[in-house]
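All residue numbers in this chain count up from 1 along the given sequence.
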Amino acid sequence: MFFTFMRGLVRVILFVVNGNARYQNRQALPQDENYILVAPHRTWWDPLYLAVAARPKKFAFMAKKELFKNPVLSFILRHANAFPVDRENPGPSAIKTPVKILKNTDLSLIMFPSGTRHSTDLKGGMALIAKMAKVRVVPCVYQGPLTLKELFKRKRVIVRFGEPIDISDIPKMNDAGMLEVERRIQTAFTAIDQAANPDFVYKIEEK
């Protein structure tokens, strides 16, 4: 209930702030199974748009453990199906917890395989989780404002979903297996970006 309430609240806020979102190819989303929804991490608000675009499916997601130090924020995150992960030293729970969620609940998982914004290198954790939980991976992309100023100017937001990717044919998640998963996902990201808006360019902010 809390997740549904929070998503509804976020949906209203995003509409008031931007009001210019287009959710494309939603029919590609699996209806009767859990899955991992993956995307390139381009803004700090793209997880919000992904969760809204993929409704009514409910999701869990990883959040860095530092966010859980604040008791109020920790309460909100945990009730919104978030679980803490130590990014510097991820332990076995970083894999076991999401696998258990995907297997034993009605929650799917939102993940950004690059780990952080402004990175295009995919990490192997997502592939291992998908393999162990025996779920498909659904690629999607966010195209739109990359700064709050542009968001408030109501520039167009597009979230487009791709066809689910089945990795069950990959026998092992060794180096070769990880590379094949990365190839399939990167290929999907490129194709979805082209289908959404071929003129969109993601510019990495200089630090």
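Between L128 and M132, some side-chain heavy-atom pair lies under the 4.5 Å cut-off.
In this structure, the side chain of N20 does not engage the main chain of V157 through any donor-acceptor pair within 3.5 Å. The main-chain N or O of V16 is found under 3.5 Å from a side-chain atom of R154 such that the two form a donor-acceptor pair. T105 places a side-chain N or O within 3.5 Å of a backbone atom of I101 that can act as its donor or acceptor partner. Panel note: side chain R22, backbone I158; no donor-acceptor pair is recorded below 3.5 Å. Distance alone, capped at 3.5 Å, is enough to place a donor-acceptor pair between the N34 side chain and the L107 backbone.
Within the structure, ring pair (Phe, Tyr, Trp, His ring centres under 6.0 Å) contacts touching residues 152-178 (residues at least two apart or in different chains) do not occur.
Under the salt bridge (Lys or Arg N to Asp or Glu O under 4.0 Å) criterion, E66 pairs with no residue, sequence neighbours left out. Applying the ring-ring contact (aromatic ring centres under 6.0 Å, His included) criterion to F2, with sequence neighbours excluded, gives H79. Contacts of D86 classified as side-chain hydrogen bond (donor to acceptor under 3.5 Å, both in side chains), with partners at least two apart in sequence or in another chain: K65. Partners of Q27 by side-chain hydrogen bond (donor to acceptor under 3.5 Å, both in side chains), not counting sequence neighbours, listed by chain and number: N25. Here K155 pairs with E150 under the salt bridge (Lys or Arg N to Asp or Glu O under 4.0 Å) rule; sequence neighbours left out. Scanning for side-chain contact (heavy atoms from CB on, under 4.5 Å) contacts around S93 gives T97, with sequence neighbours left out. Not counting sequence neighbours, the partners of R184 by the side-chain hydrogen bond (donor to acceptor under 3.5 Å, both in side chains) test are D169, E180. Here F3 pairs with R7, K58, F59, N81 under the side-chain contact (heavy atoms from CB on, under 4.5 Å) rule; sequence neighbours left out. Under the salt bridge (Lys or Arg N to Asp or Glu O under 4.0 Å) criterion, D166 pairs with no residue, sequence neighbours left out. D193 pairs by the side-chain hydrogen bond (donor to acceptor under 3.5 Å, both in side chains) definition with R42, Q143, not counting sequence neighbours.
Note that the CE atom of M178 and the CD1 atom of I167 stand 9.0 Å from one another [nearest 0.5 Å].
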Only distances under 3.5 Å count here; give the side-chain donor-acceptor pairs of residues 48-55 to other protein atoms, sequence neighbours excluded, each with its distance to 0.1 Å.
unit_1 : atom_1 : unit_2 : atom_2 : d
R55    : NH1    : V52    : O      : 2.7

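Heavy-atom minimum distance, M62 versus M111: CE-CE, 4.0 Å.
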